[in-house]
Amino acid sequence: MSQLPSQRERRRYVLVRFVPEGISPDPREVYAAVVEACTSLWGDTVSSEISPSVMAGEGHAIIRCRRGTEEQLITAISTITRVGGERAALRPVTTSGTLHAIRSRMFPRPELLWERKVGIGGRIFLARAYSGQKVDLIENGIKGQEMLFFAAEDGEVR
Amino acid sequence: MPLIDGCIHPYPDGDSSLRRMALEARELGFDQVVAAGGSGEVPGVLRGTIIAAPSVKEVISTLQGIPRGEGVVMVTSGDLAFNRAVIGLRGVRVLRGLHRSPKGAFNHVAAREAEARGVAVELDLSPLVGERGIQRQRAISRYRDLLQLHRRYHFPFTLASNARSILAQRSVRDIVLLARLFSMEESEAMGALSSLDSILAGRSPVQVVRG
């Protein structure tokens, strides 16, 4: 494995964005989800080689791994379906060897266009419309939060 | 060749509308998706019909109710005899759910017939994403067996997220990496993602073979 003159191993950084829009989970919960996904898919040995660590921000996270293990990390990331008990997905955006380069690829969080209450099937949802025709509907019930995902052109949310 | 997600299940089966899932698929690098359910005419969406019947007779009667050439007809697999009979039916394009069928449910004879009839075998990626432990291991093992048959007999594959939510949809790159879990090469995965286009176009009655 190639090393820098300082004897530090080379690292790779994977930028991921969270889906649904508008969530910013706790970095510790993201780390727990990434480690669980790596361990269950690749086992302890390969997970220790990947050696993931997480820096989470607004709507995105940077996940660090050892160079040469980024594809294994991305495969594991694609098996994440929950973060901290909430349904979520992590979409890999880009991979880079430096934090500087990856920060330049960061994008602002999608703009919230409007927010209002809509009724679907006798239930009341809080609809949040984002740029790109996306409308997320959130229902806060006794059993927790339920989400539906629609587009601005869908009749239900017009 | 367009890249196609082999099957998605929009609202009301899932939690995301057909339009939203089509938007998401485009962002994730797909040209088209096959939607089993959902409503409205949406660009980039092919209509799919899933037939899950316990007997061939019921599959035939359901097929009779579907106008010929309309959408992608997918039949949920059963045992070997069922699968061979279904592959021979006119209008059936895809055999799905083989990871849940008994181990010998798709052998070299079925593989040859699938190749001859142009019927694809769907590799459902949802157990690789959503399952853990033995369920995922079984699916990977079954897909590896199917891949060996595919390399020998060249029947078509489709790769499907079977997503019921935008949260379960994966990008083309993610799917290629997930397919590597059962030793599928990138070229094979890309071929499986684009195979539906040629399956739907159908085979010409006359094939020109160059020596």
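Fair warning: this is a prediction, and the values are worked out from it, not measured in the lab. Every chain is numbered from 1 and lettered A, B, ... according to where its sequence line falls, protein lines coming before strand lines.
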Check: Which answer fits A:Arg82, side chain, backbone, both or neither, if we ask what part of it has an atom under 4.5 Å from a heavy atom of chain B?
Finding: neither
Checklist line | Residues of residues 13-32 of chain A within contact distance of chain B, non-hydrogen under 4.5 Å | finding: A:Arg17, A:Val19, A:Pro20
Check: Could A:Glu146 and A:Arg123 be called an ion pair, given the rule that one side-chain N must be under 4.0 Å from one carboxylate O?
Finding: yes
Note to self: Does this structure show an ion pair linking B:Arg142 with B:Asp124, if we count only N-O contacts that are shorter than 4.0 Å?
What the structure shows: no
Next item on the list: For chain A, find its close neighbours in residues 160-177 of chain B: heavy-atom separation under 4.5 Å, sorted by number, or none.
Entry: B:Ser165, B:Ile166, B:Leu167, B:Gln169, B:Arg170, B:Arg173, B:Asp174, B:Leu177
Check: Taking every heavy-atom pair that is under 4.5 Å apart, which of A:Glu36, A:Met147, A:Gln133 has the most such pairs with chain B?
Finding: A:Glu36
Check: Between B:Glu27 and A:Arg91, is the closest basic N to carboxylate O distance under 4.0 Å?
Finding: no
Checklist line | Side chain / backbone / both / neither for B:Gln137 at chain A, heavy atoms under 4.5 Å | finding: neither
Item checked: Expected output: side-chain A:Arg64 to main-chain A:Leu99 donor-acceptor under 3.5 Å -> no
Margin query: Treating A:His60 as the side-chain partner and A:Glu58 as the backbone partner, does any N or O pair qualify as donor plus acceptor under 3.5 Å?
Written below: yes
Notebook entry, point to check: Going by atom types alone, do B:Arg132 and A:Ser40 pair a side-chain donor with an acceptor below 3.5 Å?
Noted result: yes
Next item on the list: Could you tell me which non-hydrogen atom of B:Ile8 sits nearest to which non-hydrogen atom of B:Val33, and how far apart they are?
Entry: CD1-CG2, 3.8 Å
Item checked: Contacts with chain A made by residues 78-87 of chain B (heavy-atom distance under 4.5 Å), listed by residue number -> none
Margin query: Which residues in residues 34-56 of chain B have any heavy atom closer than 4.5 Å to a heavy atom of chain A?
Written below: none
Notebook entry, point to check: Can you tell me how far OG of B:Ser126 sits from CD of B:Glu131, rounded to the nearest 0.5 angstrom?
Noted result: 7.5 Å
Item checked: Per-residue contact mode, A:Ile80 against chain B (heavy atom under 4.5 angstrom) -> backbone
Notebook entry, point to check: Got a salt bridge between B:Glu115 and B:Arg152, using NZ or NE/NH1/NH2 to carboxylate O under 4.0 Å?
Noted result: no
Next item on the list: Examine distances only and state if a side-chain atom of B:Glu188 and a backbone atom of B:Glu186 form a donor-acceptor pair shorter than 3.5 Å.
Entry: no
Notebook entry, point to check: Hey, is the main chain of B:Glu58 close enough, under 3.5 Å, to the side chain of B:Thr62 for a donor-acceptor pair?
Noted result: yes
Item checked: Inter-residue atom distance A:Trp42.CH2 - A:Thr79.OG1, 0.5 Å rounding -> 9.5 Å
Checklist line | N-O pairing of B:Arg19 and A:Asp154 below 4.0 Å | finding: yes
Check: Ring centroid separation for B:Phe155 and B:Phe106, is it under 6.0 angstrom?
Finding: yes
Margin query: Looking only at the aromatic ring of each residue, does the gap between the centers of A:Phe149 and B:Tyr11 stay below 6.0 angstrom?
Written below: no
Check: Is A:Glu139 salt-bridged to A:Lys117, cutoff N-O under 4.0 Å?
Finding: no
Notebook entry, point to check: Is any NZ, NE, NH1 or NH2 atom of the basic residue among B:Asp15 and A:Arg87 found under 4.0 Å from an Asp or Glu carboxylate oxygen of the other?
Noted result: yes
Check: Checking A:Ala76 against chain B: side chain, backbone, both or neither under 4.5 Å from a heavy atom?
Finding: neither
Margin query: So which atom in B:Cys7 and which in B:Met74 form the shortest heavy-atom distance, rounded to 0.1 Å?
Written below: SG-CE, 3.9 Å
Checklist line | For the student: nearest non-hydrogen atoms of B:Leu200 and B:Gly71, plus distance | finding: CD2-O, 4.2 Å
Checklist line | Per-residue contact mode, B:Leu23 against chain A (heavy atom under 4.5 angstrom) | finding: side chain
Next item on the list: Go through the atoms of B:Leu125 and report whether side chain, backbone, both or neither lie under 4.5 Å from a heavy atom of chain A.
Entry: neither
Checklist line | Non-hydrogen atoms of A:Ser47 and A:Pro52 that approach each other most closely | finding: O-CD, 3.8 Å
